[in-house]
Amino acid sequence: MQRVTKLIKYLQDFGWTPIVLAPDNPEYQARDESLASELPPDLIVRRSHIFEPYNLYRKFTGTKEGLSLDINVFEEGSNMTFKQRLAHFIRATFFIPDARIGWYRSAVNEATKIAKEYPISMIYSSSPPYTVSVIARNVSKKTGIPFVAGFRDPWSGFEVSAPKRWLLPRLIDEHLEYAVFHDAQKIDVAWEGIAFDAIAKYPDLPENKFTHIPNGFDSADYPEHNIHKRAERKHSEKFIMTYSGSLYGPRNPENFFKAVELLLDRNHIDPNKILLRFVGRAGADLEYMFEAPKIKPLIERLNYVPHSRAVELISDSDALLLIVDDIPSVEHIVPGKIYEYLGAMRPVLAIAEPSGAIGELLKETHGGEAVSQKDREGQARVIKGFYDAWLRGESPATQMDAEAISKYERREAARKLAEVFDNILP
């Protein structure tokens, strides 16, 4: 939602006026209504009906009405009940490309109406959910308006979110995926691994069809708008290290906690002088990690908070923690959160492949260090380095390259996307 909201906010600066088509009263794991204040006051927003399967899921599995769905609902694992496994089978078999397919018909109809009422020059979709890409392709074919398909994650077979489909639904899903890739005039990817994944699956796709527009940060979101001044921080009573985002399955803090325990056992850090802050939701299967006797007294837990508050908490930290999913393709994954971390001008420990895309980004910006998931000693070394600098009253943030980081402003992403649109028009 951050990527799309910021594109809408800044596209008009580059000659493009967006009209938004959104579902009517959709269901999400979390909502942040405060972001609506960033949208242009004259923005046209149209809505159409969506059939959501999640209430049926709640009734089937016994989840209480009105509760936000637990993050484990979307993750397959050994702790799933029989009903949950059956629900996942139904999802993988009938909800193709995803559970938002219930929006397809009404969205196509409404988008076609919009195209008749306004002089639309371009259609843009942002996935996941992948249903919106299928909608955009269909509307493009019906109206003759070109479309750009944006992707924040890969589509079929992506280990983080893709359900395990059997043969027929998998073939249908891949057919839809290829059709979108083939028919889109351009494909915008938030990280380069998305393009690598697509071309590996469909080698006939030309590389120049893909354009890399990284995620970023918006300086207007931070308490201090000047990026150079954001590097300054008053010395706090405790060394605060913050993680912001969801945790589940392969994205978990177990080895990070083990690294902290190593430092405690060696008396390299004072347990009374360190605070580990976790902002966001965690899967129920990870709760035991936060209960470890040595770790629990150091932890502050905050549930999902509005984006503005999350940025404040990131800024009110001495160092930041990023944990990337521990899966085979981890070297290509670049979560959008890393850019907001860098924008806050706080050094980052990224638990990710050092030679991968995140490691390269941190080297480029002098923004911290990437250490592999299983390298507890390496993680302990980086934590101790940040902590020792804090003890000395120093901030490693002063070593960060503000000019390199400034390239990832959200406004710059909007400029690049507008350029893509301009180049497609005759």
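Note that the structure is predicted; figures quoted are calculated from it, not measured. All residue numbers in this chain count up from 1 along the given sequence.
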Would you find a donor on one side and an acceptor on the other, under 3.5 Å apart, between the side chain of [X] and the backbone of [Y]?
{"X": "Asn252", "Y": "Gly249", "answer": "yes"}
{"X": "His307", "Y": "Leu35", "answer": "no"}
{"X": "Arg47", "Y": "Pro23", "answer": "yes"}
{"X": "Arg137", "Y": "Ala184", "answer": "no"}
{"X": "Asp325", "Y": "Ile327", "answer": "no"}
{"X": "Arg410", "Y": "Gly216", "answer": "yes"}
{"X": "Asn423", "Y": "Glu419", "answer": "yes"}
{"X": "Ser317", "Y": "Ile314", "answer": "yes"}
{"X": "Lys374", "Y": "Asn255", "answer": "no"}
{"X": "Glu224", "Y": "Asn226", "answer": "yes"}

Determine the interplanar angle of the Tyr130 and Phe151 rings, folded into 0 to 90°, and report it as parallel if under 30°, tilted if 30 to 60°, perpendicular if over 60°. parallel
Check: Under 30°, 30 to 60°, or over 60°: which ring-plane class applies to His235 and Trp390, parallel, tilted or perpendicular?
Finding: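 If you compare the ring of His235 with that of Trp390, the planes turn out parallel.
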- request: Write down the atom of Asn215, the atom of Gly336, and the distance for their closest heavy-atom approach.
  value: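 Of all heavy-atom pairs spanning Asn215 and Gly336, the closest is ND2-CA, 3.8 Å.
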Heavy-atom nearest pair, Ser315 first then Tyr222, reads OG-CD2, 3.6 Å
- Query: Which of these, Thr365, Ile333, Leu362, sits in a side chain to side chain contact (heavy atoms under 4.5 Å, CB included) with Ile338?
  - Reply: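 Exactly one option meets the side chain to side chain contact (heavy atoms under 4.5 Å, CB included) with Ile338, and it is Leu362.
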From the list Gln379, Arg381, Lys384, side chain to side chain contact (heavy atoms under 4.5 Å, CB included) with Leu263 holds only for Lys384
Should we count [atom1] of [X] as having more than 12 external heavy atoms under 6.0 Å?
{"X": "Lys201", "atom1": "NZ", "result": "yes"}
{"X": "Lys416", "atom1": "NZ", "result": "yes"}
{"X": "His182", "atom1": "NE2", "result": "no"}

Answer yes if the side chains of [X] and [Y] hold a donor-acceptor pair under 3.5 Å, and no otherwise.
{"X": "Ser156", "Y": "Glu174", "value": "no"}
{"X": "Thr93", "Y": "Trp166", "value": "yes"}
{"X": "Trp155", "Y": "Asp197", "value": "no"}
{"X": "Tyr178", "Y": "Asp204", "value": "yes"}
{"X": "Ser372", "Y": "Glu353", "value": "no"}

Side chain to side chain, [X] and [Y], heavy atoms closer than 4.5 Å:
{"X": "Glu369", "Y": "Pro354", "result": "no"}
{"X": "Met241", "Y": "Leu275", "result": "no"}
{"X": "Leu43", "Y": "Thr17", "result": "no"}
{"X": "Pro253", "Y": "Phe290", "result": "yes"}
{"X": "Met289", "Y": "Phe257", "result": "yes"}
{"X": "Arg277", "Y": "Asp316", "result": "yes"}
{"X": "Ser48", "Y": "Asp24", "result": "no"}
{"X": "Tyr248", "Y": "Asp285", "result": "no"}

Show, in sequence, the C-alpha distance, side-chain angles and deciding distance for Phe95 and Ile90, and conclude whether the side-chain contact (heavy atoms from CB on, under 4.5 Å) test is met. CA-CA 7 Å; Phe95 293 98; Ile90 293 171; 4.1 Å; yes
Among Glu291, Glu287, Glu261, whose salt bridge (Lys or Arg N to Asp or Glu O under 4.0 Å) with Lys296 holds?
->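 Only one option passes, and that is Glu291.
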Under the side-chain hydrogen bond (donor to acceptor under 3.5 Å, both in side chains) test against Asp188, which residue among His212, Arg3, Arg152 passes?
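When His212, Arg3, Arg152 are each tested with Asp188, the side-chain hydrogen bond (donor to acceptor under 3.5 Å, both in side chains) holds only for Arg3.
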Among Lys9, Arg411, Gln2, side-chain hydrogen bond (donor to acceptor under 3.5 Å, both in side chains) partner for Asp218
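For Asp218, the side-chain hydrogen bond (donor to acceptor under 3.5 Å, both in side chains) test succeeds with only one of Lys9, Arg411, Gln2, which is Lys9.
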Decide whether a cation-pi geometry holds between Arg301 and Phe278; the criteria are a distance under 6.0 Å from NZ or CZ to the six-membered ring centre and an angle within 45° of the ring axis. no
* Asked: Passes side-chain contact (heavy atoms from CB on, under 4.5 Å), Trp103 versus Leu21? Steps please.
  -> CA-CA 11 Å; Trp103 190 41; Leu21 174 59; 3.9 Å; yes
Original post:
Would Leu322 and Ile351 satisfy side-chain contact (heavy atoms from CB on, under 4.5 Å), going step by step from the backbone distance to the final call?
Top reply: CA-CA 6 Å; Leu322 182 77; Ile351 300 180; over 6 Å; no
